[in-house]
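Working notes, beginning with the structure itself.
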Number of protein chains: 2
Amino acid sequence: MRSDFVAAVRRFNRTVTQRVGALDDEYMACGRPLAQARLLWEVGPDGAEVAALRARLGLDSGYLSRLLRALEGDGLVSVGPAEQAGGDARVRVAALTPAGRAAWAELDERSDGFASSILAPLTEHRREQLVAAMAQVERLLIASMVVVEPCPPGDPRARACLRAYAREMARRFDDGFDPALSNPVHDEELVPPAGVFLLATLNSEPVGCGAVKLHRDAPAEVKRVWVADTVRGLGVGRRILGDLERYAAARGWTTLRLDTNRNLTEAIAMYHSAGYREIEPYNSERFAHHWFEKQLDPPQG
Amino acid sequence: MRSDFVAAVRRFNRTVTQRVGALDDEYMACGRPLAQARLLWEVGPDGAEVAALRARLGLDSGYLSRLLRALEGDGLVSVGPAEQAGGDARVRVAALTPAGRAAWAELDERSDGFASSILAPLTEHRREQLVAAMAQVERLLIASMVVVEPCPPGDPRARACLRAYAREMARRFDDGFDPALSNPVHDEELVPPAGVFLLATLNSEPVGCGAVKLHRDAPAEVKRVWVADTVRGLGVGRRILGDLERYAAARGWTTLRLDTNRNLTEAIAMYHSAGYREIEPYNSERFAHHWFEKQLDPPQG
DNA sequence: TCGATTGCCTGACTAAAGTCAGCGATATGC
DNA sequence: GCATATCGCTGACTTTAGTCAGGCAATCGA
């Protein structure tokens, strides 16, 4: 890694995350303990399930419970059973009381005030530059926080991706998409040694996937590449594809193939720029219009 | 303030300072309590005075002392009297022991590792973008953290600026600069109601200054505008000048004048772009080649 | 339908972070 | 030379943050 890049990132971490972060916390806290303030914020005007709060804030179950009791004691939130009938009677929902709503609004206002105080001393031109640069940093940091790793296709997060994949294909293909009419992909084919399913997550939320089938005596085949639109354009698809290629290459396959629909223009552009070349149809996939192939480099090291 | 700008800054604060900040702390801590790790880092290979550490970290005197004892207990730092003879015998200096130097190096390495881990998942092109955007954000946040406020010209920080000003003039003028040969500016003239001295600080370090003399029955006069090169190009000079203009206008002056040396090209450009126009000499300042004047807008509100 | 699990809770605990008053030695101002 | 401040230190204290074991009720799986 270039040492000037590393130094620049470190300087950024120091100056920005330390100073701005500390100030932001202070503004947020507003007299209250920081953890309580954060929790109050996360409960939000619409309320939230206790389990969701625990996941979002990454807190211990006991600790969260205690924090909720403290906020309840201050009359800011009320924790009760879930509204909807027939729901799980164990899950409880935290909601803001009127006083809590007021405190929340104050937090919101203070946050706005802090952001404004950062922009205020700058000229309009510099404000635009700062906002643009912040958006860029945020975008690229999000890209860098996406984790791609193997995952059983039966995992709920994998299932969520596969459902999202099917939904998107149904939406984008000219004549819809019915998995039953498409060449089937069975879970067993996406589990080593037959193949692999890769899941991309951002803060442990699923945001993309991809799979490869290692056919015996035939080129390996890429399937089910999908990226959530919240992280599109950040290179996640490219990373998934690259990892799939390395996976196949590491196991001795020298050729990778895939088929795709003509409406998936970004995907087609990505395959081209990743070194795939279009070939004659190698299967009778009903929803495919283009077939691609790439010769894999032998594994490094 | 534009609400989309405010929202963008808030999103940035949330995503970047929270997540990256928290991770950075974790990497930094390295098993140790965070406060100890930070202190160890601030002591650094060259050592540091206890008072300086207190100022930099913003810690309570007692707390800092305790933290130092803890690090001493772990054999990482040694606190002793200041080296130099004749110094204040009360001030004490913290220095790293060999073990402390090793721990410090480990912190340094971990920080590098963390920065690398942010860059690692990105393509080279995106790395360049990220580093550039981070540098931009840092630059502009620094600009926004500079505080400009009135200050007695006798304040040590003001004195430091005035010394730096004289040093820089001596360096840049063709034939040096001797305040004794220049039109004199006395401290009393820079104290209300005769005038004002503005000090620009970054994290309470002085980084710039400027003054205005409110002459009776004559245009007000700008003097001693200087900006440290660490924050040059961030609009600090412009802010100081603007504040001086508002100060004079608020007290009824309608015209502002100043003189400057031909070698101070950035300053001359700034005066031009701030609406000053060149006029005939209005004084016999030995080191001046250009004289400027601006009509002030009456105060708002 | 019974055992295991899950969701939320409480009690008991620890560690870290931070505050405050005051002490002893040194330095400074009048 | 004396009062007054400053510098760093210690002791006593509080608050915040967080962990862990276990308990109760609802739910799920076989």
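Numbers restart at 1 for each chain; the letters A, B, ... are given by sequence-line order, proteins then strands. What you see is a predicted model, and the numbers here were worked out from it, not measured in a lab. These numbers come from the heavy atoms of this one structure, side chains and all, not from hydrogens, waters or symmetry mates.
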Is [X] salt-bridged to [Y], cutoff N-O under 4.0 Å?
X: A:Asp187; Y: A:Arg159; answer: yes
X: A:Arg14; Y: B:Asp24; answer: no
X: B:Arg11; Y: A:Glu138; answer: yes

For DNA chain C, which residues in residues 17-25 of chain A have a heavy atom at a distance below 4.0 Å?
->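 By residue number: none to list.
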Specify the residues of residues 33-43 of chain B, ordered by number, for which at least one heavy atom lies under 4.0 angstrom from an atom of DNA chain C.
->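 Nucleic-acid contacts, sorted: B:Pro33, B:Leu34, B:Ala35.
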Value rounded to 0.5 Å, distance of CG in A:Asp25 from CZ in A:Phe114 =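 Answer rounded to 0.5 Å: 9.5 Å.
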Side-chain contact, heavy-atom cut-off 4.5 Å: A:Val146 with A:Thr201?
->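 Side-chain contact under 4.5 Å: no.
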If you take all heavy atoms of B:Leu57 and B:Glu42, which pair is closest and at what distance?
->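 Taking B:Leu57 first and B:Glu42 second, the nearest heavy atoms are CD2-CG, 3.7 Å.
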Expressed in angstrom and rounded to an integer, what is the separation of A:Leu59 atom CG from D:dT16 atom P?
->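 In whole Å, D:dT16 P lies 16 Å from A:Leu59 CG.
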Rounding to a whole Å, what distance do you find between A:Leu67:CG and D:dT15:P?
->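 Nearest whole value for this atom pair: 16 Å.
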Where along nucleotides 8-14 of chain D does protein come under 4.0 Å, by heavy atom, of base (B) or sugar-phosphate alone (S), with - for untouched nucleotides?
-> SBBBB--
Verify whether one side chain among B:Arg69 and B:Ser65 offers a donor that lies under 3.5 Å from an acceptor in the other.
->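 Side-chain D/A pair, B:Arg69 to B:Ser65: present.
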Between [X] and [Y], is there a donor-acceptor pair closer than 3.5 Å when you use the side chain of the first and the backbone of the second?
X: B:Trp226; Y: B:Cys209; answer: no
X: A:Thr97; Y: A:Leu76; answer: yes
X: A:Arg110; Y: A:Met28; answer: no

